[in-house]
Each structure stands twice: as C-alpha cells, then as structure tokens.
Amino acid sequence: MKKNGIQGYLFTLPVIILIAVFSLWPILQSFVYTFFDYKLNDQQKSGLYISERFNFDMFQESQMYVKLFLEEDRPSITDVSDQNKVDQLIQRIETVENEFIGKKGVQKINGTEKEKILSLYDEINATVSDLTQKYQLPNGENLTLIMQDLKNSIIPSNFIGLKGYKEILSDKRMGTALINTIIFTIISVFFEFILGLLLALIMNKAISGQGLIRTTSLIPWAIPTAVAALMWGYLYDGSSGIVANFFQNIGLVDDSRELLLSISGAMFSTILADVWKTTPYMALLLLAGLQNIPLSLYEASSIDGANKIQTFFRITLPLLKPSILVALLFRTLDAFRVFDLIYVLTGGGPGGGTETLSIYGYKVMFAQTNFGYGSVIVMVMFVIVAIIATIYVKVLGTNLMEKN
C-alpha cells in the first residue's frame, strides 16, 4: 500500500510541478510585488529593496561626467585658487572612485561607505555652487543635473508594506473600473446564457441540417477575439459602419457616432460584440449537458401527459444544473477578466467609460511601468475571482464530480 501511494504521488508530480511553475509562482510573485513601490521608470525603485542599497554603475557614470565637465570648464575659471579647488575636487573624486573599483550593479554598502559618498556629494555641490555664482561655466547647468544623479546613487528601501492596498481603497479610477467590469460581466453573461440555452436547445433537436447549424453557429467563437474586435470596430464606425447606421435608422441611437464616442454607447457596443462572440461557447457547454440527459425520461414524461414547459422545468433544467454551473462559472470568470476585446475596440475609452480592471491593471503595469501598484490591482482581481467561483458553487449547490 505504501509503495502504491508513493507511485501515485510520482504520477501526479509532473502536473504539480507545472501548476506550481505556471500558476502558483506568478501569483506568488505578484503578491510579493504588492509590498513594494516597484517602478521601472524610476532608477531608485526599479528593484525590490528591503534595505538601503547603492547603485555603483550610476555612481561611476555620474562621477565620470562630473570630472569631464569640470575639466572642460576649468579654462573659464580665472582665479588660481578656484582652479586649485577644481583640481583638488577632481583628485578627491578619483580617490573615492578607486575605493569602489570592481563593484558593479546595485549592492549593499556599509555606513562608512555611505558617509564617504554623502561627503563627496556635499563637497561637489558646495564647489559647483560657488563656481557657478562667480563664473559663466559652459556646463554649469549640466553639472547641477549630474550631481542629482550622483546623490540618487544611494537607493532607499522601497518596501511599503500594505500601503498599496490602502491606496487602492481610495482610488476612484479603481472604483470606476470595478463598476464597469461588474456591469459588463453581469449583462453579457446574462444574455449569453439565455441565448446560449436557446441555441443549445435548437442544436440538440434532431432536425434536417443539424450538422450545418452547429458548425455555422460556432463560427463567431472560432474567430480570434482581436480580429472580431477589429471587425466590430468597422461595423460601429459612425461614418461608414453598417451596424452604426442601422441602429440610427431604427432609432436605437440618435447619432451613429455615439456607439463608440459616448460612455453608454461604448459599453453597449462592447457588450453586444462580446455576446455575439461567446454565445456559441455557452451553447456548446450547455449542449454537452443536454446530450447527457437520457431520452427515456422525456418519453416517460410524455406518457404521463407533461407538456413542453413542464418537461423543461421538471427534467431538462434540473438535470442541466451541473452544465449550467460550468458554463456560467467559465463565462463569468472569462468576462470578468476581459481584456483583448475592449482593448482593441475602445481601449477603455471614452473617458474610461469601458475601462475594466484588466485594462486598468495593464495601463498601470506596462504603460506606467508601475509594477507595484499594478500587482495590487491584479491581486484584487484574484480575490474577486475566487469569491465569484465560491459563490457559484455554494449558491447552485452542485457537485461537479456528480451527474445527479
């Protein structure tokens, strides 16, 4: 028994490794990022620093330019004593530079090394400030900027703890994105379920051309989402879009341009495109459940005198419950994480009217390169998705491992 138990674990070990590498590790990494002010566009925050560090590469580059500019500006200095100050300062920089030879990247430094660097910065700052007041130095402005980089070589800790979670509670843009996501998810999944169930019932009937109907109905789902979004973008175009002009002609919208240029119109447009695209997927999942219902039950209900409505609510719907759970769960989670459709179609606009949590998280992480706060958004999405999955299982009360 013990041997068989070990073999069982060995068989599942590859799957466990794959799950750990491709699922658990990214989640854990994102969770760690939430505790840091991690920004790639800021040299002092481009890493995860619990303690104070020193950027030796930045220091070497900065001191090189300081020496270069001082040597270029020396001919503009007429006073001999000031020239001596420049020479002594250059020599002082080289002395400190020699102490850090061989050190590269971002590393820890001790208190003595930090004191030397700050002392050198104060000395350079005082000398340059005195010289720029007395003379018109060609590189005076550049020296001021380079000195700031020299000081920025000392990298403070960017560990912020739970500050990111506290900040997100007062983030109005986050609240708007969450509301947009909820609206999009509820409306789109509702219509996809209703239309998908009707489509599944039609495809389950033994009618002429059943195979053609099933194949044709799956075409929207088979089209890549980005391609479908571009296609609907052309259909919604206010000047030449067929759908936009049709909606205007029937009075659904006052102006065909409102479909993509107004907040309500853009949200309606994205929902319509999503319903068209994913209703066949919902129907496919429900069709699988319908085909698992024994025909003998329908024959028995017909003998007992049950009509179509009674048969649907007493036999079809109860036995379809596991498939409904799977379909609603998959589509709700997928709709809540919607990204590519909205990103291609509206980009989250106009004015953030269709910006969902995924779009907002993408903009923060990749457009602003703020991986710390972006990871907080991702973790909030992770928690909400987990809550949604739990609610579905608890409310519907269905065991996915059982048929009945």
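Pro26 is linked by a side chain to side chain contact (heavy atoms under 4.5 Å, CB included) to nothing, counting only residues two or more places apart in sequence or in another chain. For Asp171, the salt bridge (Lys or Arg N to Asp or Glu O under 4.0 Å) criterion is met by no residue, not counting sequence neighbours. Annotation: salt bridge (Lys or Arg N to Asp or Glu O under 4.0 Å) contacts of Glu115 (sequence neighbours excluded): none. For Ala300, the side chain to side chain contact (heavy atoms under 4.5 Å, CB included) criterion is met by no residue, not counting sequence neighbours. Residues satisfying the ring-ring contact (aromatic ring centres under 6.0 Å, His included) test with Phe366, not counting sequence neighbours, are Tyr362, Phe371. Annotation: salt bridge (Lys or Arg N to Asp or Glu O under 4.0 Å) contacts of Arg337 (sequence neighbours excluded): Asp334. Scored by the salt bridge (Lys or Arg N to Asp or Glu O under 4.0 Å) test, Lys114 finds Glu52 as partners (sequence neighbours excluded). Qualifying side chain to side chain contact (heavy atoms under 4.5 Å, CB included) partners for Glu94, counting only residues two or more places apart in sequence or in other chains: Lys67, Ile90, Glu97. Residues passing the side chain to side chain contact (heavy atoms under 4.5 Å, CB included) test with Gln29, sequence neighbours excluded: Trp25, Tyr33.
In this structure a side-chain-to-backbone donor-acceptor pair under 3.5 Å is missing from Ser129 to Ala126. With Asn158 contributing its side chain and Tyr49 its backbone, the two residues share a donor-acceptor pair below 3.5 Å. A donor-acceptor distance shorter than 3.5 angstrom exists from the side chain of Asn370 to the backbone of Tyr373, with no hydrogens or angles considered. Judged by distance alone, with hydrogens and angles left aside, the side-chain atoms of Ser157 form a donor-acceptor pair with the main-chain N or O of Ile50 at under 3.5 Å. Formation of a donor-acceptor pair under 3.5 Å by the Ser170 side chain with backbone atoms of Glu167 is found in this model. Judged purely by atom type and a 3.5 angstrom limit, Thr270 has no side-chain atom pairing as donor or acceptor with the backbone of Ile342. Of the possible polar contacts, none joining the Gln133 side chain to the Asp130 backbone as a donor-acceptor pair under 3.5 Å is found. Although no hydrogens or angles enter the test, the distance criterion places a donor-acceptor pair under 3.5 Å between the side chain of Thr144 and the main chain of Gly140. Panel note: side chain Asp57, backbone Gly105; a donor-acceptor pair is recorded below 3.5 Å. The main-chain N or O of Leu357 is found under 3.5 Å from a side-chain atom of Thr181 such that the two form a donor-acceptor pair.
Using a 4.5 Å cut-off on side-chain heavy atoms (C-beta onward), Tyr392 and Leu333 make no contact. Proximity of Asn180 to Thr354: side-chain heavy atoms (C-beta onward) are nowhere separated by under 4.5 Å. By the 4.5 Å heavy-atom criterion applied to side chains, Met365 and Ser375 are counted as neighbours. Contact of the Ile160 side chain with the Tyr38 side chain is not registered, since no non-hydrogen atoms from C-beta on lie closer than 4.5 Å. Looking at Leu284 and Trp221, their side chains come closer than 4.5 Å, going by heavy atoms from C-beta outward.
The residues Lys134 and Asp82 are annotated as salt-bridged, a charged nitrogen and a carboxylate oxygen being separated by less than 4.0 angstrom. Of the charged side-chain nitrogens involved, none lies within less than 4.0 Å of a carboxylate oxygen, so that Asp237 and Arg257 do not count as a salt-bridged pair.
Listed by first then second residue, pairs satisfying salt bridge (Lys or Arg N to Asp or Glu O under 4.0 Å) with a partner in residues 186-197 read Glu192-Arg331, not counting sequence neighbours. For residues 342-363, the pairs satisfying salt bridge (Lys or Arg N to Asp or Glu O under 4.0 Å) are Arg173-Glu355, Glu355-Lys363, with sequence neighbours left out. The salt bridge (Lys or Arg N to Asp or Glu O under 4.0 Å) analysis of residues 280-307, with sequence neighbours excluded, yields no pairs.
Ring geometry for Phe35 versus Phe31: interplanar angle over 60°, hence perpendicular rather than tilted (30 to 60°). Between Phe54 and Phe56, the two ring planes are perpendicular [angle over 60°; tilted spans 30° to 60°].
Contact detail for Leu345 and Trp232: the closest heavy-atom pair is CD1-C, 4.0 Å. Nearest heavy atoms, Arg92 versus Leu120: CG-CD1, 3.7 Å.
No hydrogens or angles considered: nothing links the side chains of Thr311 and Tyr298 as a donor-acceptor pair under 3.5 Å.
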